Amino acid sequence: MNKKKITFSFRDRPKIIKRLKKEPVDVLIIGGGIMGAGLALQAAASGLRVGLVEMQDFAAGASSRSTKFSHLGLQTLKNFQVESVNKNLHERAVIRKIAPHILKPNLVLTPLYEEAGATFSPFSAEIALSLCNELAPERPKFTNRLVSRKEALQLEPNLNPEYLVGAGICLDYEINDARLVIDNLKAAMTYGALLVSRIQVQTITHDRQGQVNGVQAWDRLRKEELHLSARLVINCTGPWSNQVRKLDHYDQQVSPLYLMKGVHLVVDQARLPLKMTTYFDTREDDGRMCFAIPRFNKVCLGTTNRQYQGDLENPPLERSEIEYLLRVTNRRFPQAHLTLADVETTWSGVRPLLVGHDWSNLNWNPTLTMDGQKWDQFVNAVLRYNSGIGKKETIQKLLNPQAQKQIHADSQTSLVSDSAAVTITNDGLFIVMGGRLMEYRQIAAGVMLKIKQQLERQGFTAIALVDSQSLPIAGGDFDWRRVSASLAQYAQLGVEQGLSSQSAQQCVDLLGTSAQAVFEKMALIEAAPGLTKLQTALLYYMIDQEMVLTPLDFLSRRTNYLLFGLDQVESWKEALVKAMGQYLGWNSDQERAGLLALNQTIKLMTLTQFQ
Ligand SMILES: Cc1cc2nc3c(=O)[nH]c(=O)nc-3n(C[C@H](O)[C@H](O)[C@H](O)COP(=O)(O)OP(=O)(O)OC[C@H]3O[C@@H](n4cnc5c(N)ncnc54)[C@H](O)[C@@H]3O)c2cc1C
């Protein structure tokens, strides 16, 4: 495969499809979320011929709809899943090396209330925080700690002081989920992977021996059917996993997955002038936890999970879900008096959870009742662990008896992380099930071992698997030990193009080292009418290098403008559609359709149906 000829651009889309149709690939991945994208990179970097088809925009599924947090603080230790947290802290340290621009450190405050049904007491929070410190793979610059009531109120004056007894402060990381996908795909592209969006798989095809040998798919843009051949087909479709499994008519089984829905609301920070990310329980006796996260002058409120069945592409928000989030937020921040009218925008998503390995379900509440004897055993186990003689597993078993009920890997199914597994069906379809954002590399590495085995069994010469722990994603090829200093150097290139230091910094925070190409573009172009030069350069760059096909792709999965800057986008969205139309040679009907689709999405996100 020629590495240079194809770009990740609309202009090369027909060429990519032609290649996919012409030559069978070694690995055809269905699904362009984080699991598919991470696998595409590792497979292509290991020298395999890789194809990936995504029926929507890349990352349009769960991978752009998450809370965008690594969740490795008090929130996961809430269930004392010690071993899982330990492994995931190590894995997060790896991701910080290969994707340093994607993770941003963020201190999370968990208020502790003395009230019936409280999730944490100061004692249990202190144990959880000290475990968090003990488990950190590197000596952290910040020590997670318990603070007094007074300090909690100084740190976050908006908190409800009634019954407040203190707070836990824990270091966590924000994740730009959709950029993690796009930057994995961009890196995969440089190794020759053939990646196409808006291609929906409709049937899994078989050879004469009944083994999977490709797919029949539908090009949603060109309205045509495609037959794509592959040695191996990998179902990486997250919440759609069982729907896609059903497209394999030789396999009648169902994967052990269930779906949970989560919702997020965005309000202006002026309405809730939050200083710190806050993770709080609801006092509704429902075991649920919520987030309030300050982001770009907005505050994002969020909670998972509710078991869900329904539309997966655009899971609708229900009035009761919105009212619930506003009610519990007002309870913890009583000065805010938030109402539906304060909600500027929203998003919701559905996540796939693997039965029995659902520790990433933050609202999963195992029964933690203990009699006196068990409590003594528990305290003893923690003390022994802290002094280096006890095992984490002992603590976990005492606290989490449900861990014993996990599904056991069989000959077809292997666990590839704490919350994900891969199954190979009798007819040879690979199915990746479950997984959290921060586990994606590890999951892909586990799947690659299976792919290698399977291909070598088919007579493939030995495959040298890439070392994915040192394989940077696009934009992440800089010194991860000096993230701020390195990014500041890149931002300087933007300042040289006349940007304010804040705008230049925002651009490098988004794109890492890829921002350099945007700044270089600024030197070569005129601003499109109604757009700034930076907006224009970003748009052209993302059309040419990131397969932006619609205004929504740009405003949502590539830049997040729609989530955290909708009030501003309203004033330049028409100029954006015009600029896109001109750059891509759209006719007026296409321009109108682009604007209509954007407005419909904005309408849904802004809850006009409830006002
Ligand atoms: C509300 C919410 C909050 C979350 N918060 C966090 C968090 O803070 N931290 C964290 O680590 N994780 C979080 N998660 C979990 C995380 O987002 C998901 O586990 C992860 O994104 C799943 O990635 P995926 O690639 O498996 O699925 P997806 O991202 O959904 O990708 C699957 C893709 O397959 C495509 N597809 C489906 N059918 C077909 C077909 N027939 N043909 C072609 N393509 C197809 C879909 O369009 C989709 O893009 C959250 C999830 C949700 C929903």
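Computed from a predicted model, the values in this text were never measured in an experiment. Note that ligands are numbered from 1 as they come in the structure, with each ligand's atoms numbered from 1 the same way.
In this structure, Arg198 pairs ionically with Asp553, as a charged nitrogen and a carboxylate oxygen lie closer than 4.0 Å. Residues Asp57 and Arg558 are paired through a salt bridge, judged by an N-O separation under 4.0 Å between the basic side chain and the carboxylate. The pair Arg220-Glu313 counts as a salt bridge, with a side-chain nitrogen and a carboxylate oxygen less than 4.0 angstrom apart. Of the charged side-chain nitrogens involved, at least one lies within less than 4.0 Å of a carboxylate oxygen, so that Arg179 and Glu546 count as a salt-bridged pair.
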Chi angles and distances behind the side-chain hydrogen bond (donor to acceptor under 3.5 Å, both in side chains) call for Glu156, Thr278
CA-CA 9 Å; Glu156 189 41 79; Thr278 307; 4.6 Å; no
Determine whether Thr203 and His249 satisfy the following criterion, side-chain hydrogen bond (donor to acceptor under 3.5 Å, both in side chains), listing intermediate values before the conclusion.
CA-CA 8 Å; Thr203 314; His249 302 302; 5.0 Å; no
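Side-chain rings of Phe69 and Tyr279 stay apart, their centers remaining 6.0 Å or farther from each other.
Taking every heavy atom of Cys236 and a limit of under 4.0 angstrom, the matching atoms of ligand 1 come to 32 (C). Shown in contact with Gly262 at under 4.0 Å from a heavy atom are these atoms of ligand 1, numbered in order with element: 1 (C). Short contacts between ligand 1 and Gly61, defined as distances under 4.0 Å to a heavy atom of the residue, involve ligand atoms 29 (O), 30 (O), 49 (O). Listed by number with element, the atoms of ligand 1 under 4.0 Å from a non-hydrogen atom of Ile199 are 42 (N), 43 (C). Taking a cut-off of under 4.0 Å to the non-hydrogen atoms of Val244, the atoms of ligand 1 that pass are 38 (N), 41 (N). For ligand 1, the atoms lying closer than 4.0 Å to a non-hydrogen atom of Gln56 are 46 (C), 47 (O). Applying the 4.0 Å criterion to heavy atoms of His264 picks out, from ligand 1, the atoms 1 (C). Under a 4.0 Å criterion applied to the non-hydrogen atoms of Gly33, ligand 1 contributes the atoms 25 (O), 29 (O), 31 (O).
Any N or O atom pair closer than 3.5 Å counts here, and Ile34 shares at least one such pair with ligand 1. Taking any N or O of Pro239, backbone or side chain, none lies under 3.5 Å from an N or O belonging to ligand 1. Considering backbone and side-chain N/O of Lys261, none are found under 3.5 Å from N/O of ligand 1. Every N/O-N/O distance between Val263 and ligand 1 stays at or above 3.5 Å. An N or O contact shorter than 3.5 Å links Thr67 to ligand 1 by distance. Taking distance alone, with nitrogen or oxygen atoms compared against 3.5 Å, Gly349 stays at or beyond that limit from ligand 1. In terms of polar-atom proximity, defined here as any N/O pair under 3.5 Å, Gln200 makes no such contact with ligand 1.
Comparing Leu247, Val201, Ile443 against atom 40 (C) of ligand 1, the shortest heavy-atom distance belongs to Val201. Of the listed options Gly238, Ala62, Ala59, Ala62 places a heavy atom closest to atom 30 (O) of ligand 1. With atom 51 (C) of ligand 1 as the reference point, the heavy atom nearest to it among Met433, Arg351, Glu174, Arg557 is part of Arg351. With distances taken over non-hydrogen atoms, the option nearest atom 24 (P) of ligand 1 out of Met35, Lys68, Met55 is Met35.
In this structure, Val233 and Asp248 have side chains that are not in contact, with every pair of non-hydrogen atoms separated by 4.5 Å or more.
Proximity of Val181 to ligand 1, defined as any heavy-atom pair under 4.0 Å, is not found for any part of the residue. Using a 4.0 Å cut-off between heavy atoms, Ile30 contacts ligand 1 through its side chain alone, with no backbone atom that close.
Asp342 pairs by the salt bridge (Lys or Arg N to Asp or Glu O under 4.0 Å) definition with Arg271, not counting sequence neighbours. Partners of Arg295 under the salt bridge (Lys or Arg N to Asp or Glu O under 4.0 Å) rule, at least two apart in sequence or in another chain, are Glu174.
Within a 6.0 Å sphere centred on CD of Glu225, other residues, nucleotides and ligands contribute more than 12 heavy atoms.
Neither side chain, Arg557 nor Ser64, offers a donor N or O lying under 3.5 Å from an acceptor on the other.
Between Phe8 and Phe58, the two ring planes are tilted [angle within 30° to 60°].
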